Amino acid sequence: MPTQLKNKEGTELFSHEGDLREALEAAAAARVDLTKAVLDGADLSGMDLEDMNLRQVSLRGANLRGSSLVNVNLAGANLHEARLRGADLERADMREVVLAGCNMEGCNLEGARLAGANLVGINAQGSNLERADLARANLEGSNLEGCNLEDARLSEANLTRVNLRRSNLEGVDLDGANLTRADLRSVNLERADLRDSRLEGANFREANLERVQFDRANLTNACFDSSNLERASFSAATLTGATFHDANLERVKGFIPPEPEPT
């Protein structure tokens, strides 16, 4: 009996003798456009879906563990609570995608486009996001511990309460981002752009913040204890209640020490 791949309106997009995995393999080989296909809960683990057009597909709860999704088009797709552990999403187009609640541990997202994506509560521990575009993405409450985000774009992203401990964010663009109460302990943020960002209550303990731009940032109650701030810039930054115990402040620009808390 053939397996039919249908879109959200019930229109058949492709039909093939065999199970779902075989049908998708045949569709991939034939370069079939699967825009808006419904694949909720599908087991696609370990599959090669490279270069496929899966724009606006529904993959809610699907298993994509270890799959190859290199250069795939998933723009506007819904992968709510999908399992993507170890998947290869290099250069994937995932603009405006829904990935809330997904397990993305150990994924390769180098150069992926995730602008405006919903990534609330994802677990992407140990993933590679080098040069990824996450502008305006919502990552509230996500776990990005130990990730590589070198030269990634996170301007105007929501990173409230995100866990970025021990991650590499060298050269990252966080201009205008919201990192309220973010855990940034032991991160490498060398050369990062944090101008106009919100960092109330952020924890930078033992972080490398050399040459970071904090100009006009809100750093109220932020913790910089034991961090390296050599040549960082704080022009017009708000530092009320921030702490700098044992921090390296050599050649810091525009730094006005916060007023001590009243006793």
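Basis for what follows: all heavy atoms, side chains included, without hydrogens, waters or symmetry-related copies. No experiment lies behind these values; they were computed from the predicted model shown.
- Considering only heavy atoms from C-beta on, L149 comes within 4.5 Å of L164 through its side chain.
- Taken together through direct or relayed side-chain contacts under 4.5 Å among Ile, Leu, Val, Met, Phe, Trp and Tyr, V57 and M47 form part of one hydrophobic cluster.
- Classification of E110 and R91 as a salt-bridged pair fails, no side-chain N sitting under 4.0 Å from a carboxylate O.
- Clustering ILVMFWY residues whenever any of their side-chain heavy atoms sit less than 4.5 angstrom apart, transitively, puts L139 in a cluster other than the one holding V98.
- Under the 4.5 Å side-chain heavy-atom criterion for Ile, Leu, Val, Met, Phe, Trp and Tyr, L74 and V70 are members of distinct hydrophobic clusters.
- Here the side chain of S67 pairs no donor or acceptor atom with the backbone of D88 at under 3.5 angstrom.
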Legend entry - Stepwise side chain to side chain contact (heavy atoms under 4.5 Å, CB included) check, L34 with N53: CA-CA 6 Å; L34 292 178; N53 185 0; over 6 Å; no

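- M94 and V120 fall into different hydrophobic clusters, where Ile, Leu, Val, Met, Phe, Trp and Tyr residues are linked whenever their side-chain heavy atoms come under 4.5 Å apart, directly or through other members.
- Inspection of the S58 and N78 side chains reveals no N or O donor paired with an N or O acceptor under 3.5 Å.
- The shortest non-hydrogen separation linking A247 to L229 is CB-CD1, 4.3 Å.
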Inset, instruction - Check step by step if side chain to side chain contact (heavy atoms under 4.5 Å, CB included) holds for L159 and T180. - result: CA-CA 7 Å; L159 293 147; T180 301; over 6 Å; no

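- Evaluation of the salt bridge (charged side-chain N to carboxylate O under 4.0 Å, His left out) rule for E200 yields R198 as partners, not counting sequence neighbours.
- Contact check on E140 versus R161 returns a salt bridge, with a Lys/Arg side-chain nitrogen under 4.0 Å from an Asp/Glu carboxylate oxygen.
- Ring pair F255/F214: centre-to-centre distance not below 6.0 Å.
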Legend entry - Test log, rule salt bridge (Lys or Arg N to Asp or Glu O under 4.0 Å), inputs R211 and E190: CA-CA 6 Å; R211 292 183 289 176; E190 186 173 348; 2.8 Å; yes

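- The closest donor-acceptor contact from the side chain of S142 to the backbone of L119 lies under 3.5 Å.
- For the pair S68 (side chain) and D48 (backbone), a donor-acceptor distance under 3.5 Å is absent.
- Closest of all the heavy-atom pairs between A242 and P258 is O-CG, 3.4 Å.
- In this structure, E105 and S127 approach most closely via the heavy-atom pair C-OG, 3.9 Å.
- Contact detail for L184 and A202: the closest heavy-atom pair is CD1-CB, 4.2 Å.
- Crowding of K253 atom NZ: a count of heavy atoms from other residues, nucleotides or ligands under 6.0 Å not exceeding 12.
- Distance CG/D196 to CG/D215: 8.0 Å, rounded to 0.5 Å.
- Taken from CZ in R83 to CE in M104, the straight-line distance is 14.5 Å, to the nearest 0.5 Å.
- Taking 4.5 Å as the limit, some side-chain heavy atom of L44 sits within range of a side-chain heavy atom of L59.
- One distance of note links CG of D43 with CG of N63; it measures 4.5 Å at 0.5 Å rounding.
- The main-chain N or O of N218 is never found under 3.5 Å from a side-chain atom of S197 such that the two would form a donor-acceptor pair.
- Side-chain contact between E12 and F14: absent, with no pair of heavy atoms (C-beta onward) separated by less than 4.5 Å.
- Counting only heavy atoms from C-beta outward, the side chains of L54 and N73 never approach each other to under 4.5 Å.
- Counted by atom type alone, N228 and N208 present one or more donor-acceptor pairs between their side chains at under 3.5 Å.
- By the 4.0 Å N-to-carboxylate-O rule, D133 lies close enough to R153 to be salt-bridged with it.
- Looking only at side-chain heavy atoms (C-beta outward), V172 and L154 come within less than 4.5 Å of each other.
- Across every non-hydrogen atom of L219 and A237, the tightest pair is CD1-CB, 4.1 Å.
- If you take CG on L13 and CG on L5, they are separated by 7.0 Å, rounding to the nearest 0.5 Å.
- There is a side-chain donor-acceptor pair under 3.5 Å between N168 and N148.
- Heavy-atom neighbours of R65 CZ from other residues, nucleotides or ligands within 6.0 Å: at or below the threshold of 12.
- Salt-bridge check for R185 with E206: failed, with every basic side-chain N at 4.0 Å or more from each acidic carboxylate O.
- Under a 4.0 Å N-O distance rule, the pair R205/D225 qualifies as a salt bridge.
- Taking OG of S167 as the reference point, atom CG of L144 lies at 6.5 Å (rounded to 0.5 Å).
- Using a 4.0 Å cut-off between charged nitrogen and carboxylate oxygen, D193 and R195 count as a salt-bridge pair.
- F224 is not listed as a side-chain neighbour of L249, based on a closest heavy-atom distance of 4.5 Å or more.
- In this structure, R181 contributes its side chain and T160 its backbone to no donor-acceptor pair below 3.5 Å.
- The minimum heavy-atom distance linking A192 with L169 is given by the pair CB-O, 4.1 Å.
- Using a distance-only test at 3.5 Å, with no hydrogens or angles considered, a donor-acceptor pair links the side chain of H80 to the main chain of A100.
- When atom types are taken as modelled, the side chain of R55 and the backbone of D93 share no donor-acceptor pair closer than 3.5 angstrom.
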Inset, instruction - Go through the steps for F234 and V252 under the test side chain to side chain contact (heavy atoms under 4.5 Å, CB included), then give the verdict. - result: CA-CA 8 Å; F234 286 92; V252 171; 3.5 Å; yes

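- Under the 4.5 Å side-chain criterion, counting only non-hydrogen atoms from C-beta, L99 is in contact with L84.
- Contact of the C223 side chain with the N203 side chain is registered, since non-hydrogen atoms from C-beta on lie closer than 4.5 Å.
- Under the 4.5 Å side-chain heavy-atom criterion for grouping Ile, Leu, Val, Met, Phe, Trp and Tyr, F244 is connected to L179 within one hydrophobic cluster.
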Inset, instruction - Mind running side chain to side chain contact (heavy atoms under 4.5 Å, CB included) on R60 and E81 for me, showing each step along the way? - result: CA-CA 6 Å; R60 294 171 60 93; E81 294 186 346; over 6 Å; no

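- The distance from the CG atom of L89 to the CG atom of N128 is 11.0 Å, given to the nearest 0.5 Å.
- The residues E170 and R191 are annotated as salt-bridged, a charged nitrogen and a carboxylate oxygen being separated by less than 4.0 angstrom.
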